[in-house]
Amino acid sequence: MATILIVEDEAALARVVQSYLEQAGMAVRVEARGDRALWAVEQSRPDLILLDLNLPGMDGLEVAKAIRKKSEVPIIMVTARAEEYDRLIGLELGADDYITKPFSPREVVARVRAVLRRAGQPQFELRRIDAGDLLIDLDAHRVQRGETLIDLTPTEFNLLAALAAQPGRAFSRLQLLEAAQGQAYEGYERTIDAHVKNLRAKIEPDPRQPQYIETVFGVGYRFRKPV
Ligand code: CA
């Protein structure tokens, strides 16, 4: 049974979400203060955290940052603010997804399930990724388009593999930097643009009209879902 920690100061809202998650077969713990959330994470070792952005005690972004120093537990940010900026910061701090208030409890259950499912899968379960005429062989570290072998640097290869392993998922630049180089520092996110540019020049038939790696405005990049 998955344990979900809800960090939310609106008690009525927390109760509704709690009851929906419990009906879906999950165990739920609720914490109303940001500064109590860290303690609750250590106490109850949740499988996923639904983290409100505006919290008494400690801001949700600060909580996410602090949790990430200790744990890789999936985090879904819950935000009333519509600004893209906050969502982006949340993703860069390592949140896995976000939900904007107002939301339907059913939507929350669906998103929680999706993130849990993703978290349960090893990142590179596939050893070969077949994306249209692009073939990525993760064991051999080889990429070919049609019959042509494409030479990639290790950084470019890791970047492509991370994107193509989850087609349709939008990654922040910081997440991609981490996937590509194994570490990521805030302030260096823009270096990923240079890697993507180089990668596109190598794999895209027409780099000016990319058909594999799409730009997600205000977020980062995603690999196009094969049609
Ligand atoms: Ca709140």
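Just follow the structure's listing: the first ligand is 1, and inside any ligand the first atom is 1. From a predicted model like this one, the values you see are computed outputs, not experimental measurements.
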Are Glu8 and Arg33 within salt-bridge range, i.e. N to O under 4.0 Å? no

Quick one: is the NZ or CZ of Arg173 closer than 6.0 Å to the six-membered ring centre of Phe171, and within 45° of its axis? no

At less than 3.0 Å, would any N/O/S atom of Glu8, backbone or side chain, sit next to the Ca ion (ligand 1)? no

How wide is the angle at the Ca ion (ligand 1) between O of Asn54 and OD2 of Asp52, to the nearest 10°? 80°

Any salt bridge linking Arg68 with Asp96? Criterion: basic side-chain nitrogen under 4.0 Å from a carboxylate oxygen. yes

Any N/O/S atom of Glu10 sitting less than 3.0 Å from the Ca ion (ligand 1), backbone or side chain? no

Are Arg15 and Glu22 close enough for a salt bridge, meaning some N to O gap below 4.0 Å? no

Tell me, which N, O or S atom in Asp9 is closest to the Ca ion (ligand 1)? OD1

